[in-house]
Amino acid sequence: MRRKLIAGNWKMNGSKAQGLALVEALAAHCREAESTAAAFDLLVCPPFVLLPVIEERARRAKIAIGGQDCHPKEAGAHTGDISATMLADVGCSYVIVGHSERRQDHREDDALVQAKASAALAAGLKPIVCVGETQAERDAGQALSVIEKQVRNSLPAGAGSRVVIAYEPVWAIGTGLTATPQDVADVHAAIRAMLQSEAGEEAAAQTRILYGGSVKPSNAAELLALQDVDGALVGGASLKAEDFWAIACASVA
Ligand code: PEP
């Protein structure tokens with residue numbers, strides 16, 4: 001049985017005060033609805049500088065914290081970068097790698113994403129490896145082949161179920177557009193089938209595949225009820241505690 005993972009990607013948003021207030025509001029929900037909160041895994045991925053600010057409050061509320069990216073190397077002359085080891089050191093248990101905004105803005109390719117995911121595993125973190133097609137690729141009927149190539153080339157060999165995959169159609173991120181439940185079901189089933197042939201039945205059955213792309217309280221229940229959808233990676237709606245909590249609760253409705 002795969003526990004649902006509801007992950008919030010705050011992107012480049014939030015001050016110390018806003019980050020703390022957000023985690024405190026989520027923690028209050030977890031306290032008030034203890035048995036509901038025990039039914040799913042809650043994760044927030046703030047900007048790097050806010051990780052130490054929220055770590056203690058998140059830990060006390062059993063809310064996991066994660067980075068939004070990491071460098072493939074453990075340490076060294078890489079100005080401006082943060083390693084997976086550093087993320088683990090400040091209390092992270094997850095890190096997002098290969099988000100489409102990084103693939104686009106920083107020209108990250110599958111090989112780099114794979115190296116980052118490997119570094120995350122070596123540091124004891126669970127990488128959330130993002131894949132997803134652009135609108136042009138979907139229009140050209142290439143969605144599944146693009147996603148399969150990204151999965152094949154971005155996952156570290158032998159990772160088994162230690163990775164989380166996030167299917168995020170690029171055209172649905174931050175746009176208010178959401179993939180139809182049928183499209184999401186088809187892509188998630190294809191990814192699961194691929195994992196079965198590459199990693200074996202057991203690892204495939206245990207690997208969580210998240211959906212991301214304009215998930216909000218009004219569409220979360222329908223998406224999270226799909227057979228191969230094991231949680232959500234939430235951007236905009238994760239900045240509002242009420243919305244993020246409502247999405248998490250929809251995962252166990
Ligand atoms: C994301 O940033 O991963 C994301 C899915 O954003 P949004 O929910 O805002 O579309």
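Ligands are counted one by one from 1 in listed order, and the atoms in each one are counted from 1 as well. Position 1 is the first residue of the sequence; numbering continues from there. Note that the structure is a prediction, hence the values are computed from the model and not measured.
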Do any heavy atoms of [X] fall under 4.0 Å from ligand 1?
X	value
Gly174	yes
Lys216	no
Ala166	no

Heavy-atom nearest neighbour in the protein, as seen from [atom], with distance rounded to 0.1 Å:
atom	value
atom 3 (O) of ligand 1	Glu168 OE2, 2.7 Å
atom 4 (C) of ligand 1	Gly235 N, 3.6 Å
atom 9 (O) of ligand 1	Gly236 N, 2.8 Å
atom 1 (C) of ligand 1	His99 NE2, 3.3 Å

Shortest non-hydrogen contact between [X] and [Y], atoms and distance:
X	Y	result
Trp10	Pro46	CE3-CB, 3.2 Å
Ala203	Ala199	CB-O, 3.6 Å
Asp230	Leu210	O-CD2, 3.7 Å

Inset, instruction - Flag Leu233 as yes when one of its N or O atoms lies below 3.5 Å from any N or O atom of ligand 1, and as no otherwise. - result: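 So ligand 1 has no N or O lying under 3.5 Å from an N or O of Leu233.
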Legend entry - N/O separation below 3.5 Å, Thr175 to ligand 1: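 Among all N and O atoms of Thr175, none is under 3.5 Å from an N or O of ligand 1.
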Inset, instruction - Answer with yes or no whether the side chains of Glu137 and Thr134 bring together a donor and an acceptor at under 3.5 Å. - result: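 Yes, side-chain donor-acceptor contact under 3.5 Å.
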Inset, instruction - Using distance alone, with no hydrogens and no angle criterion, decide if His99 and Glu108 have a side-chain donor and acceptor under 3.5 Å apart. - result: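 Not at all, the side chains of His99 and Glu108 share no donor-acceptor pair under 3.5 Å.
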Inset, instruction - For the residue pair His188 and Tyr167, categorise the inter-ring angle as parallel (less than 30°), tilted (30 to 60°) or perpendicular (more than 60°). - result: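 The arrangement is perpendicular - the two ring planes meet at more than 60°.
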Inset, instruction - Tell me whether Tyr211 is reachable from Val252 by hopping between hydrophobic residues (I, L, V, M, F, W, Y) whose side-chain heavy atoms are closer than 4.5 Å. - result: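 Result: yes, single cluster for both.
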Legend entry - In one Ile/Leu/Val/Met/Phe/Trp/Tyr side-chain cluster, 4.5 Å: Val97, Ile165: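 Yes, it is one cluster - the side chains of Val97 and Ile165 are joined through contacts under 4.5 Å.
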Inset, instruction - Tell me which part of Asn9 gets within contact of ligand 1: side chain, backbone, both or neither, using heavy atoms under 4.0 Å. - result: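 The answer is the side chain of Asn9.
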Inset, instruction - Specify side chain, backbone, both or neither for Ala237, according to which of its non-hydrogen atoms lie closer than 4.0 Å to ligand 1. - result: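 For Ala237, no heavy atom sits under 4.0 Å from ligand 1.
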Contact atoms of ligand 1, heavy-atom distance to [X] under 4.0 Å:
X	value
Ser214	7 (P), 8 (O), 10 (O)
Ala172	10 (O)
Gly213	5 (C), 10 (O)

Legend entry - Criterion salt bridge (charged side-chain N to carboxylate O under 4.0 Å, His left out) on Asp110 and Arg103, from CA distance to verdict: CA-CA 9 Å; Asp110 290 337; Arg103 288 180 186 263; 2.6 Å; yes
